[in-house]
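Sequential numbering from 1 along the given sequence is applied to the chain's residues. As the structure is a prediction and not an experimental result, all values here were calculated from the model. Worth knowing before you read on, the calculation uses all heavy atoms, side chains too, and leaves out hydrogens, waters and symmetry mates.
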Amino acid sequence: MRLTSREKEIFEVLKKEPLISQEELARRFNITRSSIAVHISNLMKKGVILGKGYVFNEQVSVVVIGESYYYIKTSGPDNDCSINMGLGGFAVDIGRIFANFGLNVKLITIIGNDDEGTNILNVLQGKGIDTVNIFRHAKKRSCRKVFLKNDKRILEENFSLHDYGKAIDAREWVVFNCEWLAVETKFQELMFRKAMGKDEEKLPFLCTYRYLDSMEEIPDFLSRYDLLVLGAADGSILEHYLSQVLALSSDRVQSIVLSDGNTRLLYFQKGNAHEFPLLPNQCFNSQEGLPALLAGIVYGLSNGYSLRQAVRIAVGTAASND
């Protein structure tokens with residue numbers, strides 16, 4: 001959850017003067033002692049202060065909403081096919097990256113009440129990822145996906161959007177009481193609707209990504225997100241979206257990044273476009289590398305870096321995960 005301006009002020013004073021009394025804080029900010037007590041209580045509820053002795057939690061809090069699954073991926077000709085198996089999904093992939101960055105990451109995803117689900121929990125916990133909010137479905141197996149590269153098909157045994165809606169509703173306090181909320185593509189509109197009507201100042205920074213492989217319009221609900229990472233299939237599609245992205249960045253979205261992963265990366269703030277040249281060793285897959293790109297930007301921004309510096313971190317992350 002974002003801190004209010006007053007909470008930020010009090011937090012900064014407490015970090016510098018942890019022995020200061022509530023009476024002195026009240027005098028300094030010219031408010032009542034009871035108001036100070038309420039602000040401190042809210043800081044504790046938000047996890048910024050871990051106890052009455054003003055133990056500070058310096059870890060950035062990130063909640064990830066997305067899928068987790070076992071996959072089979074095929075490539076190559078039928079008579080000499082390569083088959084790879086593993087654990088993936090947005091929640092798993094970006095959760096691992098956030099954990100490697102040292103962020104406090106919680107996952108909201110669904111697994112089955114089976115051995116595969118137990119193994120998913122064990123793998124994530126081994127990475128230091130908070131799995132408390134992962135929902136175990138009593139009647140369905142953990143998700144499985146088969147990626148058939150030659151004919152570009154995906155076969156999947158998956159949970160429904162309704163299943164995820166129920167899991168998110170049951171964990172609403174966690175969802176909306178973090179600093180950053182990372183949302184997978186298929187849940188973007190769902191989370192947009194759940195955030196409607198809530199106090200904007202109390203919402204986390206909403207961030208997501210989207211791959212653009214055709215000349216579709218960018219959905220209106222994406223304008224509700226604070227950070228939007230867009231991948232273009234190629235340079236011509238990137239050019240097609242420039243005017244849309246410029247309009248979007250001058251409207252509501254605070255930061256947008258657009259790249260084909262090969263030749264160009266542009267980032268936008270308040271209607272202004274800036275170019276970040278991609279060197280040969282910085283190229284990445286403009287579709288599969290988007291979660292890593294998003295994670296790197298969140299890490300950079302959450303640590304006070306400028307958007308350009310955050311993009312530099314993110315490009316390195318995406319390239320190394322390619």
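For Tyr267, the ring-ring contact (aromatic ring centres under 6.0 Å, His included) partners two or more places apart in sequence, or in a different chain, are His274. Checked against salt bridge (charged side-chain N to carboxylate O under 4.0 Å, His left out), Lys73 has no partners two or more places apart in sequence or in another chain. Not a single ring-ring contact (aromatic ring centres under 6.0 Å, His included) links Tyr71 to another residue, sequence neighbours left out. In terms of the salt bridge (charged side-chain N to carboxylate O under 4.0 Å, His left out) criterion, Lys139 has no residue partners (sequence neighbours excluded). For His137, the ring-ring contact (aromatic ring centres under 6.0 Å, His included) test picks out Phe159, with sequence neighbours left out. Residues passing the ring-ring contact (aromatic ring centres under 6.0 Å, His included) test with Tyr70, sequence neighbours excluded: none.
Hydrophobic clustering places Ile111 together with Ile129 (ILVMFWY residues linked when any side-chain heavy atoms are closer than 4.5 Å, directly or through intermediates). The hydrophobic cluster containing Tyr69 does not contain Ile120, counting ILVMFWY residues as joined when their side-chain heavy atoms lie under 4.5 angstrom apart, directly or transitively.
Sorted by first and then second residue, the side chain to side chain donor-acceptor pair (under 3.5 Å) pairs with a member in residues 123-135 read Lys106-Asp130, Gln125-Thr131; sequence neighbours excluded. Each side chain to side chain donor-acceptor pair (under 3.5 Å) pair with one or both residues in residues 232-241, not counting sequence neighbours, appears once here: Asp234-Ser236, Glu239-Arg264. For residues 302-321, no residue pair satisfies the salt bridge (Lys or Arg N to Asp or Glu O under 4.0 Å) rule, not counting sequence neighbours. Note on residues 283-322: pairs passing ring-ring contact (aromatic ring centres under 6.0 Å, His included), not counting sequence neighbours, are Phe101-Tyr299.
To the nearest 0.5 Å, atoms NZ (Lys166) and CZ (Phe135) are separated by 6.5 Å. A distance of 3.5 Å separates CG of Asp260 from OG1 of Thr263, quoted to the nearest 0.5 Å. Note that CD of Gln254 and CD of Gln269 are 8.5 Å apart. Values are rounded to the nearest 0.5 Å. Note that CG of Leu238 is 7.0 Å distant from OG of Ser259, once rounded to the nearest 0.5 Å.
The number of heavy atoms from other shown groups lying within 6.0 Å of CG (Asp220) does not exceed 12. Taking a 6.0 Å sphere around CE of Met215, one finds it holds more than 12 heavy atoms contributed by other residues, nucleotides or ligands. Around CD of Glu288, the count of heavy atoms belonging to other residues, nucleotides or ligands within 6.0 Å does not exceed 12. The local environment of NZ in Lys145 is crowded, with over 12 non-hydrogen atoms from other residues, nucleotides or ligands closer than 6.0 Å.
Closest heavy-atom contact between Asn321 and Ala292: CB-CB, 4.2 Å. Contact detail for Gly261 and Ser286: the closest heavy-atom pair is N-CB, 4.0 Å.
Between Ile20 and Leu14 there is a side-chain heavy-atom pair separated by less than 4.5 Å. Contact check for Phe147 versus Thr74: no side-chain heavy atoms found under the 4.5 Å cut-off. Under the 4.5 Å side-chain criterion, counting only non-hydrogen atoms from C-beta, Trp180 is not in contact with Pro204. Annotation: side chain of Ile110 is not in contact with side chain of Ile134 (no heavy-atom distance under 4.5 Å). Leu190 is listed as a side-chain neighbour of Ile168, based on a closest heavy-atom distance under 4.5 Å. Here the side chains of Val64 and Phe98 are in contact, with some heavy-atom distance below 4.5 Å.
Of the residues Asn119, Thr118, Asn158, Asp114, the one that meets the side chain to side chain donor-acceptor pair (under 3.5 Å) test with Ser142 is Asp114. Evaluated for a side-chain contact (heavy atoms from CB on, under 4.5 Å) with Leu228, the options Val257, Val245, Leu248 yield exactly one hit, Leu248.
There is no side-chain donor-acceptor pair under 3.5 Å between Glu24 and Ser21.
Proximity of a side-chain donor or acceptor of Arg136 to a complementary backbone N or O of Gly112 within less than 3.5 Å is detected. Counting only distance, with no hydrogens or angles, the side chain of Ser249 and the backbone of Gly271 share a donor-acceptor pair below 3.5 Å. Under a 3.5 Å cut-off, the side chain of Ser320 and the backbone N or O of Gly316 do form a donor-acceptor pair. Between the side chain of Glu275 and the backbone N or O of Leu266 there is no donor-acceptor pair closer than 3.5 Å. Between the Glu156 side chain and the Val146 main chain, no donor and acceptor come within less than 3.5 Å of each other. Remark: side-chain polar atoms of Asn303 are not paired, donor with acceptor, to backbone N or O of Gly300 under 3.5 angstrom. Judged by distance alone, the side chain of Thr109 and the main-chain N or O of Gly66 form a donor-acceptor pair under 3.5 Å. Side chain of Ser302 to backbone of Val298: a donor-acceptor contact under 3.5 angstrom is found.
Between Arg144 and Glu116 there is a salt bridge, since a side-chain N of the basic residue sits under 4.0 Å from a carboxylate O of the acidic one. Under 4.0 Å is where a charged nitrogen must lie from a carboxylate oxygen, and between Arg193 and Glu189 at least one such pair does. A salt bridge links Asp169 and Lys194; the closest N-O separation between the charged side-chain nitrogens and carboxylate oxygens is under 4.0 Å. Taking a cutoff of 4.0 Å between a charged side-chain nitrogen and a carboxylate oxygen, Lys186 and Glu67 qualify as a salt bridge.
Other residues sharing the hydrophobic cluster of Val38, ordered by chain and number and joined by side-chain separations under 4.5 Å: none, the residue standing alone.
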For a quick test of your reading: what N or O donor-acceptor pairs under 3.5 Å do the side chains of residues 206-214 make, sequence neighbours left out?
residue: Thr208; atom: OG1; partner: Val183; partner atom: O; Å: 2.6
residue: Thr208; atom: OG1; partner: Gln188; partner atom: NE2; Å: 2.8
residue: Arg210; atom: NH1; partner: Gln188; partner atom: OE1; Å: 2.5

